[in-house]
Asker: 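Supplied in structure tokens, the structure appears directly below.
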Amino acid sequence: MLIIDQEKCGKDGICIEECPFFLLKPDADGIPEMIPGAEAVCLKCGHCLAVCPNGAITLEGVSPESCEPVPKQIPISAESISQLVKTRRSIRVYKDRPVPREVVEKLLETVQYSPTAKNLQPVHWILVDDRPKIYQMAGLTIEWLRKLNMVPDIIEAWDKGHDIILRGAPNLAIAHAAKNSINPAADCAIACTTLELTANSMGIGGCWAGYFMRASKNYDPLKQFLNLPNGHKVYAALMLGYPRFKYHRIPPRQALKVRWL
Ligand SMILES: Cc1cc2nc3c(=O)[nH]c(=O)nc-3n(C[C@H](O)[C@H](O)[C@H](O)COP(=O)(O)O)c2cc1C
């Protein structure tokens, strides 16, 4: 599982210190080796291979040469990240044309690097770029809300032709995962948050679909429409599309609620 190139190994102990579960120890010559039973516990997170300054570690057949290098100078300043986070808005009014499939898939390839509990990477996506289907799902959500007599204003708006559920979005990304994964709700939420931010950096707007998420967990006709694998649940969903309007200001947010302990 772990191959150390003894000639390249600097015996610096960095991989030993960085392993999340302390699964490495130096052998008599100072070369790292796995402790007994490590294979069952290893997250396959690749940290040992990624952190080694000498490229001495191959993990599970993944060699240092086969990995994308971290650029020496990451061309993103703290200021640009701050701007990206602060200028992200929930976008609810979209241009008609959908985000092309290859663009959505490219975004998700980046999102795939988001953290997940125990590196399980449990997030699956259902992608939709067919407006009538998205409208149908909004309609099923309304059906559920109507049955429960919830949010009458939203139902009334729907009856008058306003879709407050999925906002007539041209694209929808639904994140689902196995319920028995370690923390599927957090993993899917992080993935959707990363997707929203990454999309924003490409001029694509997103908006969380909270009512749809709740209905997709609770309303059988919507669950049947989504046809999830057995044992899976929807944990996050994001409308996507090109914004019709540009935001000119950053609306203020509450003061931080902080207590240092
Ligand atoms: C979990 C979650 C669910 C949300 N559900 C909806 C929703 O169903 N419809 C909607 O229009 N916005 C929804 N939003 C967007 C929030 O209303 C929005 O983030 C908030 O008003 C702040 O605006 P901003 O995102 O532009 O900063 C949701 C946001 C989150 C995080």
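All figures in this text were calculated on a predicted structure; none of them were measured in a lab. Every number for a ligand or one of its atoms is a count from 1 in the order of the listing.
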Asker: Heavy-atom contacts with Tyr211 under 4.0 Å: which atoms of ligand 1 show up? List them by number with element.
Answerer: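 Answer, ordered by atom number: 8 (O).
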Asker: List the closest protein heavy-atom neighbour of atom 17 (O) of ligand 1: residue, atom name, distance to the nearest 0.1 Å.
Answerer: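 Nearest neighbour among protein heavy atoms for atom 17 (O) of ligand 1, to 0.1 Å: Arg92 NH2, 3.0 Å.
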Asker: Could you list the atoms of ligand 1 found under 4.0 angstrom from a heavy atom of Arg89?
Answerer: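 That gives atoms 24 (P), 26 (O), 27 (O) of ligand 1.
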Asker: Identify the two heavy atoms, one from Pro184 and one from Ser181, that lie closest to each other, and give their separation to 0.1 Å.
Answerer: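 Heavy-atom minimum between the residues: CD-O, 3.4 Å.
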Asker: Which of parallel (below 30°), tilted (30 to 60°) and perpendicular (above 60°) describes Trp158 and Tyr135?
Answerer: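 Aromatic pair Trp158/Tyr135 classed parallel.
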Asker: Which residue owns the protein heavy atom closest to atom 27 (O) of ligand 1, what's the atom, and how far is it?
Answerer: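 Scanning the protein heavy atoms, the shortest distance from atom 27 (O) of ligand 1 goes to Arg253 NH2, 2.6 Å.
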Asker: Strictly by modelled atom types, are Thr194 and Ser114 linked by a side-chain donor-acceptor pair under 3.5 Å?
Answerer: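 Their side chains do contain a donor-acceptor pair, which is all the 3.5 Å distance test asks for.
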Asker: Could you find the nearest protein heavy atom to atom 18 (C) of ligand 1 and give me its residue, atom name and distance?
Answerer: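 For this ligand atom, the closest protein heavy atom is Ser90 OG, 3.3 Å.
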Asker: Say you draw a straight line from CZ of Arg101 to CG of Asn171; how long is it, rounded to the nearest 0.5 Å?
Answerer: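 Between atom CZ of Arg101 and atom CG of Asn171 there are 9.5 Å.
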Asker: Are a donor atom and an acceptor atom from the side chains of Thr198 and Ser201 found within less than 3.5 Å of each other?
Answerer: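 No donor-acceptor contact under 3.5 Å links the two side chains.
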Asker: Taking it one step at a time, do Asp159 and Arg146 satisfy side chain to side chain contact (heavy atoms under 4.5 Å, CB included)?
Answerer: CA-CA 11 Å; Asp159 292 339; Arg146 224 189 271 277; 2.7 Å; yes
Asker: For atom 3 (C) of ligand 1, find the nearest protein heavy atom and state the residue, atom name and distance (0.1 Å precision).
Answerer: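 Checked against all protein heavy atoms, atom 3 (C) of ligand 1 sits closest to Trp208 CB, 3.7 Å.
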Asker: Under 4.0 Å from a heavy atom of Arg167: which atoms of ligand 1 are those, numbered in the order shown and with their elements?
Answerer: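 Matching atoms, with element in brackets: 10 (C), 11 (O).
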Asker: On a heavy-atom basis, which atom in Lys25 and which in Ile16 lie closest, and how many Å separate them?
Answerer: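 Heavy atoms only, the tightest pair is C-CD1, 3.8 Å.
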Asker: Consider every N or O of Gly210 and every N or O of ligand 1, then say whether any pair is closer than 3.5 Å.
Answerer: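 In this structure, Gly210 places an N or O atom under 3.5 Å from an N or O of ligand 1.
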Asker: Give the atom numbers and elements of ligand 1 that come within less than 4.0 Å of a heavy atom of Cys207.
Answerer: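 Answer, ordered by atom number: 10 (C), 11 (O), 12 (N).
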